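Since the structure comes first, as structure tokens, the remarks are kept for the end.
Since the structure is predicted, the reported quantities are computational estimates derived from the model, not experimental observations. The chain is numbered in sequence order, starting from 1.
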Amino acid sequence: MKILKRKKVATMMLASLLTISLTACGTGDSSTGSSSGGDNKAKVTLELAISKSSQDSAFIQQDILDEFEKQTNVRVNLQLIPAEQTTTVLQTKLAVDETPDIIQYNLASAVTDLNLERNFEILDDEPWASRIVNKDVLSAGGHIYSFHVSQDTGMQGVVYNKQIFEELGLTIPTTYEQFLAVCEKIKASGITPVFMPYKDAWAANIWPAAAFADFVAKNEPTFFDDLNSNKKKWSDIPEFKTFLEQQYEVYTKGYTNTDVLSDSYDMAVGKFLNKEVAMMFMGDWLIEGVAEQDPSMELGVFPIPSTEDASLGASPLGGQLFIPKKSKHLEEAKQFLDFIASKDVAQQIVDSKGYVSNFNDVTTPELPAYKQDIVDNYITPKKTVLTTDAYMLVDRSELYRLLQDQFAGGLTPEEVLQSWDEKFSQLMQDKGVTGF
């Protein structure tokens with residue numbers, strides 16, 4: 001865990017180094033952004049809307065916000081939105097012109113949920129854009145719409161406590177039957193095997209998003225093309241029903257928290273820190289959140305064990321910043337991105353978070369142990385698969401709600417898929433997709 005300790009030290013050093021960075025910003029060096037000379041300008045307050053589940057975001061560290069305000073006289077006010085309401089609230093704000101100046105969201109979801117092209121600024125010509133290494137992870141429709149200092153994609157699977165596994169003599173399961181056996185041993189030790197925070201509906205999709213994609217990649221490689229041209233439906237793949245049954249069975253066998261529809265994602269870090277739970281169907285961003293509070297805790301991630309030797313799910317890059325076209329302070333919003341993109345600030349964020357840098361003048365640090373494990377065991381041997389989110393052209397919120405309904409006892413797996421077929425078809429039709 002030495003790497004994580006060094007990361008924590010790097011974070012603590014951030015405040016002092018920010019001042020150096022901003023001094024560089026004022027020198028006119030195009031690689032470090034710009035400053036507006038805050039002393040000569042009335043104070044502006046930027047509204048930055050962000051989900052409560054993203055409060056560990058690198059972009060809203062208080063040191064960063066304070067130093068940005070000190071140097072530019074521009075204050076950043078955070079609008080924290082409950083995770084389960086984020087999409088609806090942002091859709092409403094954009095529709096009624098109560099538009100935040102900056103929004104943190106997921107690019108793949110913004111395309112479908114927030115009408116990306118209509119509502120957000122194209123950032124192709126921003127000063128930092130020429131320094132980007134991988135523009136694809138920030139782009140849609142051939143244009144840069146989002147900002148991030150990293151080119152990481154979130155890896156989705158089963159986050160697990162390595163220490164608990166070691167203490168109980170457990171190995172990573174590679175089949176569903178093995179996974180149930182692992183759950184049984186953990187339960188017998190007095191620890192809850194799996195934490196399901198399905199009050200946040202999106203969390204119920206981690207298992208199926210990876211399981212569906214893994215099966216399709218290996219058995220039905222044309223499925224998503226056929227799905228998006230209305231040649232096939234979700235319910236056409238019998239295995240999808242099996243995968244939904246599996247996740248539900250983990251719950252009905254008593255291997256989870258009791259109140260799965262009342263417990264939320266923001267409880268997850270505490271559950272792991274207190275060693276109340278051993279596993280969770282989630283992305284590696286959870287590991288980062290736990291490590292920030294307890295660097296000694298060793299967590300890892302393995303593939304959703306829906307089929308034998310499944311691949312690890314790779315979700316589209318998440319947590320980017322977007323600037324709405326109707327931002328009341330467009331110039332200052334872009335200035336905030338310039339500030340974060342400055343070489344020194346970006347380097348410190350990349351170092352403290354263990355990111356893979358997306359700037360050609362910012363160096364990727366030595367990776368934390370869990371991320372190096374992912375590189376060694378999954379990325380290098382090509383055992384990853386893009387989750388279904390990467391192929392969906394419409395808002396997935398209704399799917400999430402249907403998955404919740406399964407856990408409420410209201411729908412069978414067959415009914416979930418059939419209902420989603422109907423909603424998916426209508427959404428595609430409303431979007432004007434050919435074939436619907």
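- A salt bridge links Lys326 to Asp97: one of the charged nitrogens lies within less than 4.0 Å of a carboxylate oxygen.
- A distance-only check finds a donor-acceptor pair linking the side chain of Ser419 to the backbone of Glu415 [under 3.5 Å].
- The backbone N or O of Trp234 sits less than 3.5 Å from a side-chain atom of Asp421, completing a donor-acceptor pair.
- Atom CD of Gln104 sits about 6.5 Å away from atom CD1 of Ile60, to the nearest 0.5 Å.
- Salt-bridge formation is not detected for the pair Asp405/Arg401: no Lys NZ or Arg NE/NH1/NH2 atom is positioned less than 4.0 Å from an Asp or Glu carboxylate oxygen.
- At least one side-chain heavy atom of Lys43 sits less than 4.5 Å from a side-chain heavy atom of Glu69.
- Taking the charged nitrogens against the carboxylate oxygens, Lys52 and Asp266 have no contact shorter than 4.0 Å, which rules out a salt bridge.
- Between Met280 and Val194 the shortest side-chain heavy-atom distance does not fall below 4.5 Å.
- Atom CG of Asp125 has 12 or fewer neighbouring heavy atoms from other residues, nucleotides or ligands inside a 6.0 Å radius.
- Using a distance-only test at 3.5 Å, with no hydrogens or angles considered, no donor-acceptor pair links the side chain of Asp226 to the main chain of Lys232.
- Between the side chain of Ser315 and the backbone N or O of Gly154, at least one donor-acceptor pair lies under 3.5 Å.
- If you take OG on Ser57 and CG on Leu48, they are separated by 8.0 Å, rounding to the nearest 0.5 Å.
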*Could you walk me through whether Leu299 and Tyr160 pass the side chain to side chain contact (heavy atoms under 4.5 Å, CB included) test, one step at a time?*
CA-CA 6 Å; Leu299 303 184; Tyr160 73 107; over 6 Å; no

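- At a threshold of 4.5 Å between non-hydrogen side-chain atoms, the residues Asp101 and Ile323 do not count as touching.
- Checking Asn358 against Asn134 by side-chain atom types alone, no donor-acceptor pair falls below 3.5 Å.
- Between Glu121 and Lys334, at least one side-chain N (NZ, or NE/NH1/NH2) sits under 4.0 Å from a carboxylate O, which counts as a salt bridge.
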_Test side chain to side chain donor-acceptor pair (under 3.5 Å) applied to Gln71 and Glu67, step by step_ = CA-CA 6 Å; Gln71 295 292 328; Glu67 195 62 34; 3.2 Å; yes

*Could you please spell out the steps behind the ring pair (Phe, Tyr, Trp, His ring centres under 6.0 Å) verdict for Trp202 and Tyr400?*
CA-CA 5 Å; Trp202 62 269; Tyr400 303 160; 8.0 Å; no

*asked:* If you apply the rule side chain to side chain contact (heavy atoms under 4.5 Å, CB included), what do you find for Phe195 with Thr256, and how did you get there?
replied: CA-CA 6 Å; Phe195 180 55; Thr256 73; over 6 Å; no

_Verdict with reasoning, Ser397 to Asp113, per side chain to side chain donor-acceptor pair (under 3.5 Å)_ = CA-CA 9 Å; Ser397 299; Asp113 300 349; 5.1 Å; no

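- Ring planes of Phe147 and Phe59: tilted class, angle from 30 to 60°.
- Looking at Ser150, its side chain never comes within 3.5 Å of a backbone N or O of Tyr355 through a donor-acceptor pair.
- The distance from atom OG of Ser264 to atom CG of Leu261, rounded to the nearest 0.5 Å, is 12.0 Å.
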*Audit row: Tyr145, Phe120, ring pair (Phe, Tyr, Trp, His ring centres under 6.0 Å) steps and yes/no*: CA-CA 7 Å; Tyr145 280 95; Phe120 295 98; 7.9 Å; no

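- For the pair Lys93 and Gln79, the minimum side-chain heavy-atom distance is below 4.5 Å.
- Within the 3.5 Å criterion, the main-chain N or O of Leu138 finds a donor-acceptor partner in the side chain of Ser146.
- In the displayed structure, Gln85 atom CD is contacted under 6.0 Å by more than 12 heavy atoms of other residues, nucleotides or ligands.
- The side-chain heavy atoms of Gln91 and Leu114, taken from C-beta on, include a pair separated by under 4.5 Å.
- Lys325 places a side-chain N or O within donor-acceptor distance of the main-chain N or O of Glu117, the cut-off being under 3.5 Å.
- Judged by distance alone, the side chains of Asp351 and Gln347 do bring a donor and an acceptor atom under 3.5 Å apart.
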*For the pair Arg396 and Ser109, evaluate side chain to side chain donor-acceptor pair (under 3.5 Å) and give the outcome as yes or no after the intermediate values.*
CA-CA 8 Å; Arg396 301 175 296 282; Ser109 301; 2.7 Å; yes

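- With 3.5 Å as the limit, one finds a donor-acceptor pair spanning the side chains of Asp376 and Gln372.
- For Ser425 and Asn230, the side-chain atoms include no donor-acceptor pair closer than 3.5 Å.
- At a threshold of 4.5 Å between non-hydrogen side-chain atoms, the residues Thr99 and Asn119 do not count as touching.
- No donor-acceptor distance shorter than 3.5 angstrom exists from the side chain of Arg75 to the backbone of Leu65, with no hydrogens or angles considered.
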*Intermediate values then yes/no, side chain to side chain contact (heavy atoms under 4.5 Å, CB included), Leu286 and Phe272*: CA-CA 10 Å; Leu286 171 64; Phe272 275 92; 3.7 Å; yes

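- For the atom pair CH2 of Trp420 and CG of Leu411, the computed distance is 13.5 Å after rounding to the nearest 0.5 Å.
- Within the 3.5 Å criterion, the main-chain N or O of Pro324 finds no donor-acceptor partner in the side chain of Ser327.
- One finds the CG atom of Leu337 at 11.5 Å from the OG atom of Ser342 (value rounded to the nearest 0.5 Å).
- In the model, Gln61 has no side-chain atom that pairs as donor or acceptor with a side-chain atom of Asp63 under 3.5 Å.
- Two residues are said to be in side-chain contact when any heavy atoms from C-beta on lie closer than 4.5 Å; Tyr378 and Pro303 meet this criterion.
- The shortest side-chain heavy-atom distance between Val301 and Tyr370 does not fall under the 4.5 Å cut-off.
- Proximity of a side-chain donor or acceptor of Gln404 to a complementary backbone N or O of Lys199 within less than 3.5 Å is detected.
- To the nearest 0.5 Å, atoms CZ (Phe179) and CE (Met279) are separated by 4.0 Å.
- With salt bridges taken as basic N to acidic carboxylate O contacts below 4.0 Å, none links Glu288 and Lys371.
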*Under the side chain to side chain donor-acceptor pair (under 3.5 Å) criterion, do Tyr105 and Ser51 qualify, and how do the steps go?*
CA-CA 8 Å; Tyr105 208 69; Ser51 168; over 6 Å; no

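- Of all heavy-atom pairs spanning Gly354 and Leu367, the tightest one is O-CD2, 3.7 Å.
- Ring geometry for Phe165 against Phe302 counts as tilted: the plane angle lies between 30° and 60°, on a 0 to 90° scale.
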*Should Lys328 and Glu47 be marked as a salt bridge (charged side-chain N to carboxylate O under 4.0 Å, His left out) after you check the CA-CA gap, both sets of side-chain angles, and the distance that decides it?*
CA-CA 9 Å; Lys328 296 179 178 63; Glu47 298 294 331; over 6 Å; no

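- The local environment of NZ in Lys231 is sparse, with at most 12 non-hydrogen atoms from other residues, nucleotides or ligands closer than 6.0 Å.
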*What do the steps show when you test Phe223 against Phe240 for ring pair (Phe, Tyr, Trp, His ring centres under 6.0 Å), and what is the final call?*
CA-CA 12 Å; Phe223 174 74; Phe240 287 3; 5.6 Å; yes

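- Partner Tyr248 forms a ring pair (Phe, Tyr, Trp, His ring centres under 6.0 Å) with one of Phe243, Tyr198, Phe407, Trp207 and no other, that one being Phe407.
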